[in-house]
Visitor: 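One structure follows; several queries about it will come next.
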Amino acid sequence: MASNHGNSEPLEDYWKEFDDIASNKGSDDEEELSKTPDEGEQEAEWLHRAGYGFVASKLHDGKELSDDDLEGLTEELSAPQAEAVRKRIDTLTTTMRKKHKQNKIHVKDIFTNMDPRPPASPTLERMPIRRESAKNRERASFLRSGHYSMSGAPTAEVQTYTNPETIRGVQVLSINPMTTQNRLSRTQLLPITDTDCSMDFHLEERDNKAFNLKHNPLGTTRINDLGTVDLDSLRALAHIELTALFDLNNLTFARPKKKKKIKEHGLFGVPIHILLENDQRRAPNVKIPLIFQELIRFLEKEGLRTEGILRVPGAVSRVKHLRHELEEKFYLGNFHWKDVWPNDAAALMKQFIRDLPIPLLTYDYIDAFPQVKSIKTVLEQLKCLNLLVLLLPDEHRETLRVLLRFLRKIVSSSKDNKMSLSNVAMIMAPNLFLGPATRNKSLSIEQKELSKAHGTSSIVKMLIHYQEELWTVPPSFVRQLRIQNEADILRKNRKRGFRSRKDKSEAYRRSAPVSEADLAEGVILVKAPHLTKLSTRMKLDELTTARDIVAKFRRIAGPHPSGGLGESFSSREHHSHALHSMSFRNPDNAQFADDNAYLFEVGGNIGERCLDPHTRMMSLLRINPHAEWVIKVHHR
């Protein structure tokens, strides 16, 4: 068995696990995909995921974009991101030109229904809003929905991981500021550079081994802190950025040509989304399949100190019996775990992952994960893994997170179970990446399999070790979301009758709970619709955090039970700025904020975001002065 071939890291655990999988694999587990994508179909699908579906639709209709139009569409992107978009548009243009066999059509023919009013087409309504410069005002007029006025300022050129000669300044979308609060917001939103758009992961290297998230006064945003709409926009950005990074490193990934047969009932061999649909009828708030949750819970309770918990296989007959018993009794509620052997449960947990008809890492990205190891630096590898995690469907990402947390607990108990991080990674890699069907036929195939073994094991190791960092949203992406949301608000309000000569701040105004003067003084209204204290007006200072505000709604105002940075808002005399205008429910049935209560930023230039307890509120208020502040329960 060739396990080294010059590589210092042995792969015995990998090959042993691989052989165990191969020996238990059925002959009818996979089937060929019935359809080969049509020419141009992949590029069109890519454009839809990137938020440029309207371009793909027009190209399919035989229309084309000029170079100037492409520049306008990609103007707010970094150079690598813009190049990734242009490359797919150019490829699809060439393909459609061959199909339609016609000359290039003028850009004015693309949008035949264009008039000074906002476009009525739902497809065009979702068109990305780009900054309008004097250079492009005439030739990219179709980008100005409703002819409202926009302004932007070029940033300085910066150096990033790409060739410095290819970097250009990024024209940044911004709203003409008319009020003090808007000027403050614009100041904070402007610094979006190529480095920002290229995943400012904000990590600091220490001893070439560990990375720590850099402190951000606006707080760390985790993936599940964002609302659904913002998360969809975030995926489009991540899709473009991942492609740009892969293009720059001359890497490609493809969808596998095989898939597993799909069942709609049972526990094993059923897609995660179908399992969740079935489970949510029993437990509405469940986010991962109940069977996987119970397997992990049992293993955490009984298996963490079992020697070789993932390495030592369970008895084949017992594992088959356990699987049958679970299929028959689990949903009836009369299955008992007391007689289950930990190694059998671990074997069944791995079977659950392997038998998923849609892999845990999905068909779309399962080939992309191993390619990350070919990128030169660890930091850039982490950037790509972060993007891939962002791109996974919610149910797959949540299930992966539970798995990685469990694997980290195994590593933490390595003194008892004799399972190091390398051991765990090598054993789980063939389960996650669906190892090759054959091995050792020729040297070239063997070398490819060795490369895959090392690469996938390394990726699993990184997923386990850096999972906290990989489940965060880069600050630059949050800033881009705010810019896009500001443009959307202006466009929607323009359709309702606003005129460009009016103050742009009108686009954000509602029946504001506090006045512009209060906002300028740092006074906000905090709502808690589910608590006894319904709302409180508070005056902020530069040190006030989101945790300090939530503390005002606890039974005994004070620090969060988990502790935090600095003193509590209520314990600092010079911070005692809570105003007297408070609204209460019936005090006889008091309800207070508990450990799962968090402050949310809602509306303004964000959809919804759960705030990191360390968020500095004055800094955030300058960024989003027209948000609402709501305390809600969130399992962060």
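The model shown is predicted, which means the values in this text are computed figures rather than measured ones.
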Visitor: Is any side-chain heavy atom of Gln467 closer than 4.5 Å to a side-chain heavy atom of Arg405?
Guide: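 Yes, their side chains come closer than 4.5 Å.
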Visitor: Which pair of heavy atoms, one from Leu404 and one from Leu463, lies closest together, and at what distance?
Guide: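 The answer is CD1-O, 3.6 Å.
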Visitor: Between Glu71 and Arg86, does a salt bridge (charged side-chain N to carboxylate O under 4.0 Å, His left out) hold up when you go through it step by step?
Guide: CA-CA 9 Å; Glu71 182 180 350; Arg86 291 192 195 102; over 6 Å; no
Visitor: Check whether Gln280 reaches the backbone of Val286 with its side chain - one donor and one acceptor, N or O, closer than 3.5 Å.
Guide: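 At least one qualifying donor-acceptor pair exists.
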Visitor: Can you tell me how far the CE atom of Met428 sits from the OG atom of Ser457, to the nearest 0.5 Å?
Guide: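 Rounded to the nearest 0.5 Å, the CE-OG separation comes to 11.5 Å.
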Visitor: So, Lys452 side chain and Pro370 main chain: donor-acceptor pair closer than 3.5 Å or not?
Guide: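 No.
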Visitor: Supply the atom-to-atom distance Leu388 CG to Thr362 OG1, rounded to the nearest 0.5 angstrom.
Guide: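 So the CG of Leu388 and the OG1 of Thr362 are separated by 8.5 Å.
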Visitor: Which heavy atom of Val473 sits nearest to which heavy atom of Phe477, and what is that distance?
Guide: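 Minimum heavy-atom separation between Val473 and Phe477: CG1-CB, 4.1 Å.
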Visitor: What's the shortest heavy-atom distance between Leu470 and Leu385, and which atoms?
Guide: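 Scanning both residues, the minimum pair turns out to be CD2-CB, 3.9 Å.
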Visitor: Run the salt bridge (charged side-chain N to carboxylate O under 4.0 Å, His left out) check on Arg297 and Glu294 step by step: do they pass?
Guide: CA-CA 5 Å; Arg297 181 178 291 138; Glu294 289 301 314; 2.3 Å; yes
Visitor: Name all residues meeting the side-chain hydrogen bond (donor to acceptor under 3.5 Å, both in side chains) criterion together with Trp46; count only those two or more places apart in sequence or in a different chain, and write none if there are none.
Guide: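 Trp46 satisfies side-chain hydrogen bond (donor to acceptor under 3.5 Å, both in side chains) with His239, Thr243 only.
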Visitor: Is it the case that Asn605 and Asn485 place a side-chain donor and acceptor less than 3.5 Å from each other?
Guide: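 No pair is found: no donor N or O on one side chain lies under 3.5 Å from an acceptor on the other.
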Visitor: Is a donor on one side and an acceptor on the other found under 3.5 Å between the side chain of Ser412 and the backbone of Arg408?
Guide: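 A pair under 3.5 Å: yes.
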Visitor: Just by modelled atom types, is the Leu304 backbone N or O under 3.5 Å from a matching donor or acceptor in the Asn417 side chain?
Guide: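 Here the side-chain-to-backbone pair exists.
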Visitor: Can a side-chain donor-acceptor contact be found between Asp612 and Thr615 if the only test is distance below 3.5 angstrom?
Guide: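 Their side chains do not contain a donor-acceptor pair, so the 3.5 Å distance test is not met.
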Visitor: For salt bridge (charged side-chain N to carboxylate O under 4.0 Å, His left out), just list the numbers for Glu601 and Arg609, CA-CA rounded to whole Å, side-chain angles, deciding distance to a tenth of an Å, and then say yes or no.
Guide: CA-CA 5 Å; Glu601 171 193 10; Arg609 184 172 77 109; 3.0 Å; yes
Visitor: With distance as the sole test, does Asp230 use its side chain to make a donor-acceptor pair with the main-chain N or O of Gly607 at under 3.5 Å?
Guide: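 Yes.
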Visitor: List the steps and the verdict of salt bridge (charged side-chain N to carboxylate O under 4.0 Å, His left out) for Arg479 and Glu486.
Guide: CA-CA 11 Å; Arg479 291 199 294 276; Glu486 284 186 345; over 6 Å; no
Visitor: How many angstroms lie between atom CD of Glu542 and atom CZ of Arg616, to the nearest 0.5 angstrom?
Guide: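 CZ of Arg616 is found 8.5 Å from CD of Glu542.
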Visitor: How many angstroms lie between atom CG of Asn249 and atom SG of Cys384, to the nearest 0.5 angstrom?
Guide: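 Between atom CG of Asn249 and atom SG of Cys384 there are 7.0 Å.
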Visitor: May I ask you to check whether Asp548 and Thr545 show a side-chain donor-acceptor distance below 3.5 Å?
Guide: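 Result is yes, a qualifying pair exists.
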Visitor: Output yes when Arg401 and Glu468 qualify as a salt bridge under the 4.0 Å nitrogen-oxygen rule, no when they do not.
Guide: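 Result for this pair is yes, salt bridge flagged.
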Visitor: Under the criterion side chain to side chain contact (heavy atoms under 4.5 Å, CB included), I'd like the reasoning laid out for Leu348 against Gln351: C-alpha separation, chi angles, the key distance, then a yes or no.
Guide: CA-CA 5 Å; Leu348 196 57; Gln351 276 189 26; 3.7 Å; yes
Visitor: Testing the basics here: between Met617 and Ile549, what is the closest heavy-atom pair and its distance to 0.1 Å?
Guide: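 In terms of heavy atoms, the two residues are closest at CG-CD1, 3.7 Å.
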Visitor: What distance separates Arg397 CZ from Ile272 CD1, expressed to the nearest 0.5 Å?
Guide: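 Spacing of CZ (Arg397) from CD1 (Ile272) equals 12.0 Å.
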Visitor: Within the distance-only criterion (no hydrogens, no angle test), does the side chain of Gln381 pair as donor or acceptor with the backbone N or O of Ile375 below 3.5 angstrom?
Guide: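 Yes; at least one donor-acceptor contact below 3.5 Å.
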Visitor: Can a salt bridge be assigned to the pair Lys87 and Asp90 using a cut-off of 4.0 Å between side-chain N and carboxylate O?
Guide: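 Salt bridge between Lys87 and Asp90, a charged N being under 4.0 Å from a carboxylate O: no.
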Visitor: Quick one, Thr456 with Leu432, criterion side chain to side chain contact (heavy atoms under 4.5 Å, CB included). Give me CA distance, side-chain angles, the key distance, then yes/no.
Guide: CA-CA 9 Å; Thr456 56; Leu432 286 169; over 6 Å; no
Visitor: Please answer whether the main-chain N or O of Asp13 pairs with a side-chain N or O of Asn423 as donor and acceptor at a distance below 3.5 Å.
Guide: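 Pair absent, no side-chain N/O of Asn423 close to backbone of Asp13.
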Visitor: Tell me every residue that passes side-chain hydrogen bond (donor to acceptor under 3.5 Å, both in side chains) with Glu608, counting only those two or more places apart in sequence or in another chain.
Guide: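 Testing Glu608 for side-chain hydrogen bond (donor to acceptor under 3.5 Å, both in side chains), a comparison that skips the adjacent residues, returns Lys632.
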Visitor: Relative to the ring of Phe18, is the ring of Tyr14 parallel (under 30°), tilted (30 to 60°) or perpendicular (over 60°)?
Guide: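 Because their plane-to-plane angle is under 30°, the rings of Tyr14 and Phe18 count as parallel.
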Visitor: Which heavy atom of Ile223 sits nearest a heavy atom of Val389, and at what distance?
Guide: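 Closest pair (atom of Ile223, atom of Val389, distance): CD1-CG1, 3.7 Å.
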Visitor: Go through the steps for Glu469 and Leu382 under the test side chain to side chain contact (heavy atoms under 4.5 Å, CB included), then give the verdict.
Guide: CA-CA 9 Å; Glu469 291 84 353; Leu382 287 172; over 6 Å; no
Visitor: Could you grab the distance from atom OH of Tyr466 to atom CG of Asn386, nearest 0.5 Å is fine?
Guide: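 Result: 13.5 Å between the selected atoms.
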Visitor: Quick check: does any side chain N or O of Asp279 sit under 3.5 Å from a backbone N or O of Leu290, one acting as donor and the other as acceptor?
Guide: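 Indeed, once roles are kept as given, a pair shorter than 3.5 Å links the two residues.
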Visitor: Which heavy-atom pair separates His396 from Ile358 by the least distance, and what is that distance?
Guide: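 Result for this residue pair: CE1-O, 3.7 Å.
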Visitor: Taking atom types as modelled and ignoring hydrogens, do the side chains of His635 and Asn224 form a donor-acceptor contact shorter than 3.5 angstrom?
Guide: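 No, no side-chain donor-acceptor contact under 3.5 Å.
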Visitor: What class does the angle between the rings of Phe253 and Phe246 fall in, given that below 30° is parallel, 30 to 60° is tilted and above 60° is perpendicular?
Guide: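 Ring orientation of Phe253 relative to Phe246: perpendicular.
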Visitor: Under the criterion side chain to side chain contact (heavy atoms under 4.5 Å, CB included), I'd like the reasoning laid out for Trp629 against Leu620: C-alpha separation, chi angles, the key distance, then a yes or no.
Guide: CA-CA 11 Å; Trp629 312 100; Leu620 182 56; 3.6 Å; yes
